[in-house]
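Notes follow once the structure below has been shown.
Position 1 is the first residue of the sequence, and the numbers go up from there. Basis for what follows: all heavy atoms, side chains included, without hydrogens, waters or symmetry-related copies.
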Amino acid sequence: MCLGIPGRVVDVEDGPLRLGHVAFGDVVKEVTLAFVPDAAPGDYVVVHAGSGIEVIDEEKARRVLETLRILEEP
């Protein structure tokens, strides 16, 4: 099963391949932002396989993360 996980954009590096650092809680990963050219620091993006694929609002990100947390419970 493939999941897209919401994370908060920390910074953006424009260049031939638009990259950024995205925070998933305390973990920060480098992510390709080529598919979300309007994403800016502070925005929430859905990340799948190392690429941001959609900008979402903070409330939607919170609901998705809460649902994932519930699914992890035994």
Side-chain angles (χ1 to χ4, degrees):
M1 177 168 68
C2 298
L3 291 175
I5 306 296
R8 185 179 52 80
V9 177
V10 175
D11 60 28
V12 175
E13 300 172 19
D14 285 313
L17 181 61
R18 192 167 193 260
L19 300 173
H21 291 95
V22 175
F24 304 92
D26 295 334
V27 176
V28 177
K29 296 283 190 178
E30 187 173 71
V31 171
T32 302
L33 298 173
F35 299 123
V36 286
D38 295 331
D43 287 345
Y44 283 82
V45 294
V46 175
V47 177
H48 174 70
S51 295
I53 57 173
E54 180 182 5
V55 176
I56 61 173
D57 63 42
E58 185 174 355
E59 175 60 22
K60 185 174 181 179
R62 188 195 61 75
R63 288 192 320 259
V64 170
L65 292 171
E66 177 64 16
T67 300
L68 291 173
R69 186 192 64 75
I70 290 170
L71 292 173
E72 289 179 352
E73 291 179 0

Joint hydrophobic cluster, V12 plus I56, side-chain heavy atoms closer than 4.5 Å: no

Cluster check V28, F24: I/L/V/M/F/W/Y, side chain < 4.5 angstrom: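 Different clusters.
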
Would you mind writing out the side-chain donor-acceptor pairs for residues 32-43 within the sub-3.5 Å range, not counting sequence neighbours?
unit_1	atom_1	unit_2	atom_2	d
D43	OD2	A40	N	2.9

Pairing residues for I53 by the side chain to side chain contact (heavy atoms under 4.5 Å, CB included) criterion, not counting sequence neighbours: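 For I53, the residues satisfying side chain to side chain contact (heavy atoms under 4.5 Å, CB included) (neighbours in sequence not counted) are V46, H48.
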
Passing candidate, side chain to side chain contact (heavy atoms under 4.5 Å, CB included) with L3, options V64, V47, L68: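 Testing each of V64, V47, L68 against L3, the sole residue satisfying side chain to side chain contact (heavy atoms under 4.5 Å, CB included) is L68.
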
Identified side chain to side chain contact (heavy atoms under 4.5 Å, CB included) counterpart of V31 within the set V10, V22, V45: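 Checked V10, V22, V45 against V31; only one passes side chain to side chain contact (heavy atoms under 4.5 Å, CB included): V22.
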
Within residues 12-30 or reaching into it, pairs that qualify as side-chain hydrogen bond (donor to acceptor under 3.5 Å, both in side chains) - sequence neighbours excluded: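 Every pair satisfying side-chain hydrogen bond (donor to acceptor under 3.5 Å, both in side chains) with a residue in residues 12-30: D11-H21, D14-R18.
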
Carboxylate-amine/guanidinium proximity below 4.0 Å for R62 and E58: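 Salt bridge between R62 and E58, a charged N being under 4.0 Å from a carboxylate O: no.
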
Partners meeting salt bridge (Lys or Arg N to Asp or Glu O under 4.0 Å) with E54 (sequence neighbours left out):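 In terms of salt bridge (Lys or Arg N to Asp or Glu O under 4.0 Å), with neighbours along the sequence ignored, E54 is linked to K60.
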
Closest contact, heavy atoms only, A61 versus Y44: CB-CD2, 3.6 Å

E72: partners by side-chain hydrogen bond (donor to acceptor under 3.5 Å, both in side chains), with sequence neighbours left out: none

With sequence neighbours excluded, residues passing side-chain hydrogen bond (donor to acceptor under 3.5 Å, both in side chains) with R63: none

